[in-house]
2 protein chains.
Amino acid sequence: MKHVDTEQRCKRILYAIVESYVDSAMPVGSRALSQRFRWSMSPATIRNVMADLEEMGLITHPHTSAGRVPTDKGYRVYVGSLLEPRHLTKEEESLISKVVSRRYEDFEGLMQNVSRAIGMITNEVGIVLTPRLKRTVFKQIEFIPMDSSSSRVLAVLVTGSGIVRNSLLELEEDLTKAELFRMSEFLNQELEGLFLGDIKNHLTRRLLQERDSFYAFLKKAISIFSRPGFLRAEDKMYFDGTAGLMSHPEFDDMKRARSFLKLFEEKQDILDVFNEDMEAEGVKVHIGKENACKHIQDFAVVTCNYKVKDRAIGALGAIGPTRMEYGKVISAVTYLSELLGKALEDLG
Amino acid sequence: MKHVDTEQRCKRILYAIVESYVDSAMPVGSRALSQRFRWSMSPATIRNVMADLEEMGLITHPHTSAGRVPTDKGYRVYVGSLLEPRHLTKEEESLISKVVSRRYEDFEGLMQNVSRAIGMITNEVGIVLTPRLKRTVFKQIEFIPMDSSSSRVLAVLVTGSGIVRNSLLELEEDLTKAELFRMSEFLNQELEGLFLGDIKNHLTRRLLQERDSFYAFLKKAISIFSRPGFLRAEDKMYFDGTAGLMSHPEFDDMKRARSFLKLFEEKQDILDVFNEDMEAEGVKVHIGKENACKHIQDFAVVTCNYKVKDRAIGALGAIGPTRMEYGKVISAVTYLSELLGKALEDLG
DNA sequence: GATTAGCACTCTAACATCTAGAGTGCTACT
DNA sequence: AGTAGCACTCTAGATGTTAGAGTGCTAATC
């Protein structure tokens with residue numbers, strides 16, 4: 001008997017529906033699909049399969065006589081088990097290397113350009129989060145007194161990834177210039193190569209072994225690193241491609257366009273998704289209702305962390321309508337996370 | 001005879017047309033206007049005046065039987081001679097002080113919040129340019145060697161407005177730590193209070209008076225300030241309110257929305273307008289075709305410079321459809337330019 | 001039993017037609 | 001000069017119609 005594996009066929013058809021819908025944004029009918037398979041199945045057969053898929057909740061009807069559209073769950077299956085991995089084409093890679101010059105001038109520019117590259121390749125909005133300070137390694141710290149009394153001091157912190165962070169300290173206890181100098185010398189020697197997130201613990205452990213005058217000195221050091229906002233608050237997010245996204249037909253409805261743009265003004269919702277994903281390995285995809293935040297539930301988010309010296313220190317990705325070219329987006333995000341990691345390593 | 005000054009009447013009617021159209025986005029008819037004037041003029045009279053205004057090029061018809069709409073020129077007359085200055089309401093001021101806390105934490109946040117405040121008050125996109133470095137005064141410079149050989153040095157420049165600018169220098173000539181220290185000491189004493197833009201000239205003048213070993217030293221100092229990108233390239237632009245803007249009916253056409261968003265991705269066109277206006281005094285308004293850049297010709301831009309110690313150092317403003325509440329926008333932009341100036345002075 | 005052809009049915013998008021109403025410009029009257 | 005009246009124009013919205021794409025079901029076929 002010529003009995004084809006029905007499960008196999010279901011998959012092929014779901015695959016075709018997603019691809020076709022992603023491509024054209026039009027509901028997919030049985031006839032068109034049959035053509036796509038070079039008439040190896042009749043429209044009627046396909047209709048039967050479609051009815052099954054609908055039963056399973058993988059596709060829907062907008063209305064009785066329209067074609068089928070994938071549901072969030074449908075996309076999920078597509079991404080999870082149907083989509084074969086692909087790589088970027090040579091053209092895409094060369095486009096990226098044109099936008100993200102290996103020889104970056106400044107840190108901000110690098111972030112901006114990576115987000116732009118993602119946006120350009122995927123036609124969705126590209127997003128890059130700055131490295132979490134706590135996950136980068138300490139390299140150097142210097143104190144610059146801003147007035148004669150040394151009560152206002154500018155701390156300049158340099159990390160292994162070449163990030164430079166300024167922080168204005170208003171010190172209650174007066175420190176003489178000499179003391180400040182001693183402080184930086186001590187810290188630079190003591191903390192070399194430590195992760196910024198581990199510094200406070202390290203110093204506290206050190207404290208337990210010491211006493212006398214050095215004890216007070218260490219206390220001061222710890223208080224500096226304990227200042228609120230000294231290591232935090234650098235959750236900066238770069239994004240690019242909002243204009244390009246407006247060409248998608250899903251934004252013909254202004255209300256959606258507006259709520260989408262609002263995401264980028266409030267930022268927090270997006271940051272939450274990326275921060276959460278930073279822990280896990282590799283590419284993560286959140287489709288529609290899978291998102292915890294309800295403002296994002298109309299959209300899909302693809303994220304990936306990027307690493308320096310095998311340690312995940314930040315995240316990047318893309319966001320757009322659930323109807324997106326997942327294959328392309330995933331490969332772009334993967335590629336650029338590696339690129340960014342390497343770029344930051346060079347800088348270190 | 002009861003003959004009213006016709007010029008006066010023209011003005012009143014143009015004024016009413018603009019106000020009404022700005023408010024409702026609907027072409028204004030003679031009947032509605034007559035009502036607005038409590039029937040002190042008949043629709044027919046108003047029609048005659050309207051015909052005159054159209055002759056003068058201040059208003060137009062979208063089509064034969066539609067009401068009138070102001071032209072760019074009409075808005076220009078309205079802004080130039082009809083609009084009486086207004087101030088922000090108490091509510092608006094308190095909204096601003098909620099968004100822009102007088103006690104800002106960081107420079108970036110201040111910029112971001114000012115642009116947000118403009119956006120929220122005006123319902124257009126608020127824009128703030130960072131202070132031009134060259135126009136701020138020198139306060140302090142320090143050099144931090146990044147490796148033992150001192151060939152890579154991080155220069156930290158602090159200005160009078162509290163801006164801190166980092167710049168990684170790759171020095172060809174090796175400078176010993178001692179030399180670097182001498183250099184910063186010398187510069188800090190020599191340049192105190194100078195505008196950054198004047199530094200190179202100042203040092204060069206100084207050079208002519210000196211000779212011997214100090215000559216070479218000065219040469220090195222000059223070369224540092226001559227590095228491309230050391231004082232430039234900080235043309236950063238903050239903006240906020242793109243989401244709010246999408247509620248304007250003029251963006252129902254996605255193509256316009258897209259071209260508008262593109263302005264903020266390319267940035268340069270907007271920067272040009274603001275940079276140009278920074279020289280002139282007070283608020284500047286560019287309406288539609290008045291803009292040199294053709295991508296902006298569908299929109300209106302309101303700009304104002306902001307000052308620290310009576311010197312214009314940066315610019316801020318708003319951008320939106322030509323149909324905007326010019327009175328409100330102008331007062332918001334004025335108010336916030338003063339606020340920002342003061343905030344930066346406090347920081348200095 | 002799996003697949004397909006055929007058919008009746010449904011729904012939408014696109015087009016054409018019509019109408020009410022708002023607005024105009026002109027002319028003649030006050 | 002200002003106004004009322006009137007014929008005319010144009011659009012937005014309502015209504016009606018149709019072609020086409022798509023479905024689901026049943027019966028025939030492999």
Side-chain angles (χ1 to χ4, degrees), chain A residues 1-14 16-17 20-21 23-71 249 252-253, chain B residues 1-14 16-17 20-21 23-71 249 252-253:
Chain A
M1 69 185 174
K2 93 185 199 196
H3 168 72
V4 186
D5 180 353
T6 58
E7 197 184 317
Q8 198 57 36
R9 192 170 55 187
C10 275
K11 285 185 176 177
R12 280 186 61 200
I13 289 189
L14 177 59
I17 291 177
S20 165
Y21 183 64
D23 184 53
S24 68
M26 302 290 283
V28 188
S30 53
R31 233 180 81 87
L33 264 194
S34 176
Q35 248 170 331
R36 199 171 220 269
F37 288 115
R38 299 203 197 101
W39 302 100
S40 70
M41 275 175 282
S42 81
T45 311
I46 293 179
R47 278 203 286 280
N48 287 330
V49 179
M50 279 171 151
D52 293 347
L53 289 172
E54 188 156 8
E55 189 87 15
M56 292 186 260
L58 303 178
I59 54 178
T60 18
H61 273 178
H63 54 82
T64 334
S65 96
R68 302 310 218 282
V69 167
T71 60
D252 282 359
D253 176 14
Chain B
M1 68 190 179
K2 95 186 197 195
H3 166 73
V4 187
D5 182 353
T6 56
E7 197 184 315
Q8 199 58 35
R9 192 170 54 187
C10 276
K11 285 184 176 176
R12 280 186 61 200
I13 290 188
L14 177 60
I17 291 176
S20 166
Y21 182 65
D23 184 53
S24 68
M26 303 288 286
V28 188
S30 53
R31 235 181 81 87
L33 264 194
S34 177
Q35 250 168 327
R36 199 170 219 268
F37 288 116
R38 299 201 195 99
W39 302 100
S40 70
M41 275 175 281
S42 80
T45 311
I46 292 178
R47 278 204 287 280
N48 287 330
V49 177
M50 280 174 149
D52 294 347
L53 288 173
E54 188 157 7
E55 188 87 14
M56 291 187 263
L58 302 178
I59 54 180
T60 15
H61 273 177
H63 54 83
T64 334
S65 96
R68 301 310 216 284
V69 168
T71 60
D252 283 358
D253 176 14

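To find a chain, count down the sequence lines: A is the first, B the second, and so on, and within it residues start at 1.
- Using a 4.0 Å cut-off, some side-chain N or O of A:R68 falls inside it from OP1 or OP2 of D:dT23.
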Inset, instruction - Before giving the answer on side chain to side chain contact (heavy atoms under 4.5 Å, CB included), spell out for B:R36 and B:V28 the whole-Å C-alpha distance, their side-chain angles and the decisive distance to 0.1 Å. - result: CA-CA 11 Å; B:R36 199 170 219 268; B:V28 188; over 6 Å; no
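- Across every non-hydrogen atom of A:A25 and A:P249, the tightest pair is CB-CG, 3.7 Å.
- At D:dC10, one or more side-chain N or O atoms of B:T64 fall inside 4.0 Å of OP1 or OP2 (strictly under the cut-off).
- Summarising the geometry, the separation between CD on A:E7 and C1' on C:dA2 is reported as 18 Å, rounded to the nearest angstrom.
- In this structure, the nucleotide among D:dG24, C:dT4, C:dG25 sitting nearest to the side chain of A:S42 is C:dT4.
- Heavy-atom nearest nucleotides on DNA chain D were determined for B:H63 and for A:G29, and the one closer to the 5' end corresponds to B:H63.
- Atom CZ in B:R47 sits 7.5 Å away from atom OG in B:S42 (nearest 0.5 Å).
- If you take CE of A:M41 and C1' of D:dC30, they are 17 Å apart, rounded to a whole angstrom.
- Counting to the nearest Å, the P atom of C:dT3 and the CD1 atom of A:I13 are 10 Å from each other.
- Rounded to an integer number of Å, the gap from CZ of A:R31 to C1' of C:dG6 is 14 Å.
- Closest of all the heavy-atom pairs between A:C10 and A:M56 is SG-CE, 4.2 Å.
- Within residues 43-51 of chain B, the residues that have a heavy atom under 4.0 Å from DNA chain C are, in order of number, B:R47, B:M50.
- The CD-P distance, from B:E54 to C:dT24, rounds to 9 Å in whole Å.
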Inset, instruction - Any chance you could lay out the side chain to side chain contact (heavy atoms under 4.5 Å, CB included) test for A:I17 and A:L53, step after step, and finish with the verdict? - result: CA-CA 11 Å; A:I17 291 177; A:L53 289 172; 4.3 Å; yes
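- The number of heavy-atom neighbours closer than 6.0 Å to CZ of B:R31, taken from other residues, nucleotides and ligands shown, is 12 or below.
- In this entry the distance linking CG of B:D252 with P of D:dA12 reads 13 Å, nearest Å.
- One interatomic measurement links the two molecules: CG of B:L53 to P of C:dG25, which rounds to 12 Å at whole-angstrom precision.
- Counting only heavy atoms from C-beta on, B:H61 has its side chain closest to C:dG25 among C:dG25, D:dG24, D:dT11.
- Looking at A:S65, its side chain comes within 3.5 Å of the base of C:dC11 through a donor and an acceptor atom.
- Across all their heavy atoms, B:L33 and B:A16 have their closest contact at CD2-CB, 3.6 Å.
- Residue A:R9 has no polar side-chain atom (N or O) positioned under 4.0 Å from OP1 or OP2 of C:dA2.
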